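Worksheet: the structure to be examined is printed underneath.
Because only heavy atoms are used, hydrogens play no part in the values below, and waters and symmetry mates are left out as well, while side chains stay in. Predicted model only: the values in this text are computed from it and were never measured.
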Amino acid sequence: MKMSLMYAFIVFAIVMYFTPGPNNIMLLSSGLTYGFRRTIPHIAGITIGFAFMVATVGLGLGTVFLAYPILQTILKYAGAAYLIYLAVAIALSGPAKPGEEKGRGPMTFWGAAMFQWINAKGWVIVIGTLTAYAAIAQFPINIAIQTLISLIVGAVSTVVWALFGSALRPILTSERLVRAFNILMAVLLLASLYPVFTDA
């Protein structure tokens, strides 16, 4: 095992997982709108779903995308369409009221897990993980290490972003402020589409 490369990968993972992206923006908004406890399934879906994505792509699914590039294009634009839908939903959402507890809620575990496959930033992280840091150890141990580190760093970053949103609840007390904040989050979510349409 190349320890220097592993440390470099950990730094890479921390930077990529903690910087703003679709997952973190949605968690921030969900923490504010619904609170931390109700956002836990969303957190778990992102964390486990993304680690699973790293593992499956690393163990061979990536060759399918190399053989059929059209699948990458389909996923890219499906992801863009879904992000637009999520941005609109976030922009229109206000604080959850007691009578709405059963009718509304944050993203589910499975919804968050499946979203990783159409998340443009997620693919950037996966490709960087599996190419730049492939020599961290021999295959398939390298995939196991990368998956474990992704799971740990992902868990910490998602919890932090959701807690940050939840911590804003006592500050953003009026429905108008929550709506304004969610509109800002929706704009940032739309801004995350920039790499999709510029092929960056």
- Item | With Ser150 via side chain to side chain contact (heavy atoms under 4.5 Å, CB included) - residues at least two apart | Phe9, Tyr17, Val54
- Item | With sequence neighbours excluded, residues passing side chain to side chain contact (heavy atoms under 4.5 Å, CB included) with Ile40 | Phe36
Please round to the nearest 0.5 Å and tell me the distance separating atom [atom1] of [X] and atom [atom2] of [Y].
| X | Y | atom1 | atom2 | value |
| --- | --- | --- | --- | --- |
| His42 | Thr108 | NE2 | OG1 | 9.0 Å |
| Asn24 | Leu27 | CG | CG | 6.0 Å |
| Asn23 | Gln116 | CG | CD | 4.0 Å |
| Thr47 | Leu151 | OG1 | CG | 7.0 Å |
| Met16 | Ile125 | CE | CD1 | 4.5 Å |
| Met107 | Arg38 | CE | CZ | 14.5 Å |

Should [X] and [Y] be regarded as members of a common hydrophobic cluster, given that ILVMFWY residues are connected when their side-chain heavy atoms come within less than 4.5 Å of each other, either directly or indirectly?
| X | Y | result |
| --- | --- | --- |
| Leu163 | Ile171 | yes |
| Leu148 | Val159 | no |
| Ile149 | Leu5 | yes |
| Val160 | Ile14 | yes |
| Ile141 | Leu59 | yes |

Looking at every non-hydrogen atom in both residues, tell me the closest pair between [X] and [Y] and how far apart they are.
| X | Y | answer |
| --- | --- | --- |
| Ala112 | Ile46 | CB-N, 3.8 Å |
| Ala51 | Thr147 | O-CG2, 3.5 Å |
| Ile136 | Ile145 | CD1-CG2, 4.0 Å |
| Arg169 | Leu32 | NE-O, 2.9 Å |
| Pro106 | Ser30 | CB-OG, 3.0 Å |
| Thr39 | Gly31 | OG1-N, 3.8 Å |

Run the side-chain hydrogen bond (donor to acceptor under 3.5 Å, both in side chains) test against [X] and tell me which residues pass, sequence neighbours left out.
| X | value |
| --- | --- |
| Ser157 | none |
| Gln146 | none |
| Thr129 | none |

If we ignore hydrogens and angles and just use 3.5 Å, is the side chain of [X] paired with the main-chain N or O of [Y] as donor and acceptor?
| X | Y | value |
| --- | --- | --- |
| Thr158 | Ala155 | yes |
| Trp123 | Trp117 | yes |
| Ser166 | Ala162 | no |
| Asn119 | Pro22 | no |

- Task: Kindly state each residue pair satisfying ring pair (Phe, Tyr, Trp, His ring centres under 6.0 Å) with at least one member in residues 139-176, sequence neighbours excluded.
- Result: none
